[in-house]
Amino acid sequence: MTMSDRVESFFPDVSAIPEAFRLDGPVVCDQYLVNGELRRWAGPFRDVLSPVCEKTPDGLKQKLLGRYPLMGQGEALEALDAAAAAYDHGRGFWPTLSVRQRIKYVDQFAFAMKEKRDEVVRLLMWEIGKTHGDAAKEFDRTVEYIRDTVDALKELDRVSSRFTITQGIIGQIRRGPLGVVLCMGPFNYPLNETFTTLIPALIMGNTVLFKPPRLGVMLHFPLLRAFQESFPPGVVNTLFGRGQEVVHPLMATGKIDVLAFIGSSKTADTLKKQHPKPHRLRSVLGLEAKNAAIVLKDADLDQAVGECALGALSYNGQRCTALKILWVHKDVAEPFLHKLAAQVSALKCGMPWEPGVSITPMPEMDKPEYLTQLVNDAVAKGARLVNPGGGRVEGTLFTPAILYPVDSSMRAYHEEQFGPVIPVAVFEDLEQPVRYVIDSPYGQQVSIFGTDPAVMGRLVDPLVNQVCRVNINSQCQRGPDTFPFCARKDSAEGTLSVSDALRVFSIRTLVAAKASEANKGIVEGIVRDHYSNFISTDFIL
Ligand code: G3H
C-alpha cells in the first residue's frame, strides 16, 4: 500500500455542504480570559485548518476555519498570577466560599453553557472531524457530567455536615481545595476531557488555568463569556498558544499545585520535571494505551466482531480507550476476519455531517502518512491487508485497514496507532495474549470475548491486576462516567470518575477540639451564628 493509492471521492464541493452545517469564516478568536476580564488579543495568531478538505481548482485544501491567539510567556505568567491571587493561599473568596454557594456558580455556568450548544457542537465537528452526532454527544455528556458532579458534591457535603466525637475529641472533617490547577485536555475530547477535570477542580474551591489542546481550541471561545459572567475574577483563566511558551514557564514557577493533563507521557514527564518541588505537585494524568481484545474460540463471533469494530473504529480509533490490537484464537481466526472485513467494509467514510457516517477526516495532518507506514511495515513483514479498499488515503482521510497476522516484529503490534488501523494477532495458547498484556508498557483496559464462565472467570483474575478494567464481551470504554476511569503502568496516574474527581482535586482537612465545655460552647456558637463556612452543619438538599 502506498500513498499514491488515493481515491478522490470523499471530499465535497463547497456548494454541496448542507446549509445547516456550513461554517462561515474564517472566525477570528481574539479574546482570552484573565482575572475576570475578556481581553482582546493583538499579538500573533495561529491559523486553524479543518480536517475537512475542500475541493478547489488547485486540488484538495484543508478549510481555513479561523485563528486563535498565540499568547506568550508574559501573558501566561499574568494568568497564573490572577489564579494565584484569586486563591490567595486559601484565603480568597472562592476557596473559602460555602459548598452551597460554589454549586450556584457552577449551575449558572452550566445554564449559560447550554445556550451555546449549537455553536460549540458545530466547531467541534469542523475542528476535529468528529461526526455531528458524536460532537453533540460529547457536549451533552459534558453537561450531564456537570450535573452529576453537583449531585456527587452535595452527597459528599451531606456526609461532612456533621461532627464526629471520638476519644473525647470533637471533629468536623471536610475536603478542601489544593490551590492552582492547570487543566489540559486532549484533541479527541477537547471539551469533555477538559471539563471533566476543570469542573471538579473548580467546584472543590481551586482556581484554574486551562489550556486547550493544539487541535480543538476554537470550540472553547463561545464559552469564554459564560466563564467570565459565571465565576469571580481570577477563578478561571485561559491559556492559548504553544505549550513551550505558555505552560513550561508556569511549571517552573512552582506555583502550579495540581497538573491535570490528558496527553502523552513524554509531555507529562517533561512538565512534572519542571516543577521545582515535585513532591508538592499533585498530578492527574491520562496517557497512552494499547488496549487488547482477546477473542476465545467459543466466543459469539457476531457479537465479538460488532464490539471489536466499534471499539477499534469509533471516532476513527482516536480514543485512548480504543481497541488497538485484537488477539483471536486460531480456530476462529478465519471466520472472525471474514465477518470483521465485511463489517468494516460496510462502514461509511465521508464528511462528519453526513447521516450514518463512521469514518471521517482526521485532524492530525501527518496521521495518514503515519498509518500508511504502519500498514507498509506490517505488509513487508508478512501480514496481509484483509479488507479490500483498506488503507487508502485521500487528504486527511484514511480508510480503515485490517492487518493479519500481526506479530512482534511489526510496529503495529507495539505502537499506539490512534487511528483506523486494526492489527489482528493469532494465538493458540491463551498465555500468548496474556503475556502480551503483561509485557505491554500500558495498562488501561482489556476486552475478553467468550462464553464459558469457567474460562472467563479464570482469565479475569490475572487481567484485573494488569489493567484497570476488564470488559466482558464488550468494547473498552470510559463510561459510564460514574465508574472509575484509571489505568496502570504508563497509561495514567490518578482516578477519574464523577465522585473520584472531587477527591482528586481536594484534600481532607479538619477542625478538631477537645470536648471541653468551653470548646463545645465555641463550636456551638460558630455553628449557630454561621461564623464559618467550614464549621457548619448546613445540609444541602
Ligand atoms: O480518549 C479517551 C477517552 O477518555 C475515552 O472515552 O471511552 O467514552 O470514548 P470513551
Side-chain angles (χ1 to χ4, degrees), residues 124-125 127-131 133-146 148-149 183-200 212-216 219 260-265 267-268 284-293 306-325 352 358-360 362-364 367 415-420 442-447 467-498 500-501 504:
L124 197 51
M125 181 188 81
E127 255 191 296
I128 61 160
K130 196 166 261 195
T131 65
D134 283 349
K137 244 188 251 167
E138 178 168 347
F139 187 94
D140 296 339
R141 177 180 178 179
T142 306
V143 171
E144 197 179 318
Y145 190 94
I146 298 176
D148 290 348
T149 298
C183 294
M184 298 166 70
F187 86 78
N188 60 339
Y189 282 94
L191 180 75
N192 184 261
E193 292 214 325
T194 305
F195 279 38
T196 53
T197 57
L198 188 149
I199 295 295
R214 190 170 61 83
L215 306 159
L219 64 103
F261 172 74
I262 321 279
S264 75
S265 53
T267 306
V284 193
L285 309 174
L287 308 170
E288 300 92 330
K290 179 96 178 164
N291 293 344
E307 289 292 316
C308 286
L310 198 64
L313 295 178
S314 299
Y315 186 39
N316 310 312
Q318 301 168 119
R319 295 161 59 227
C320 61
T321 46
L323 285 172
K324 294 186 180 119
I325 188 163
S358 295
I359 303 297
T360 52
M362 295 177 292
E364 293 175 293
K367 190 45 85 64
E415 294 177 25
E416 181 187 23
Q417 64 271 41
F418 219 76
Y442 310 119
Q444 192 195 63
Q445 299 188 20
V446 69
S447 290
V467 297
C468 283
R469 176 162 162 168
V470 175
N471 300 279
I472 294 179
N473 293 323
S474 319
Q475 65 151 324
C476 296
Q477 63 181 49
R478 173 177 178 151
D481 288 329
T482 46
F483 279 19
F485 182 50
C486 46
R488 300 169 188 269
K489 300 196 261 187
D490 292 349
S491 289
E493 184 176 338
T495 301
L496 289 173
S497 73
V498 169
D500 284 304
V504 161

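One-based numbering, in listed order, for ligands and for the atoms of each.
To the nearest 0.5 Å, the span separating CG on Asp490 from NZ on Lys290 amounts to 14.5 Å. Residue Phe195 holds its CZ atom at 14.5 Å from CZ of Arg141, rounded to the nearest 0.5 Å. Separating the CG atom in Asn188 from the CG atom in Leu215 is a distance of 10.5 Å, to the nearest 0.5 Å. Interatomic distance, OH of Tyr442 versus OG of Ser265, reported as 6.5 Å (0.5 Å rounding).
With sequence neighbours excluded, no residue forms a side chain to side chain donor-acceptor pair (under 3.5 Å) with Gln477.
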Enumerate the pairs of nitrogen or oxygen atoms, one from ligand 1 and one from the protein, separated by less than 3.5 angstrom; state names and distance to 0.1 Å.
residue	atom	partner	partner atom	Å
ligand 1	1 (O)	Asn188	ND2	2.8
ligand 1	1 (O)	Cys320	N	2.7
ligand 1	4 (O)	Glu193	OE2	2.3
ligand 1	7 (O)	Arg319	NH2	3.0
ligand 1	7 (O)	Thr321	OG1	2.8
ligand 1	7 (O)	Arg478	N	2.7
ligand 1	8 (O)	Arg141	NH1	2.8
ligand 1	8 (O)	Arg141	NH2	3.1
ligand 1	9 (O)	Tyr189	OH	2.3
ligand 1	9 (O)	Arg319	NE	2.8
ligand 1	9 (O)	Arg319	NH2	3.4

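Checking Ser474 against Asn471 by side-chain atom types alone, no donor-acceptor pair falls below 3.5 Å.
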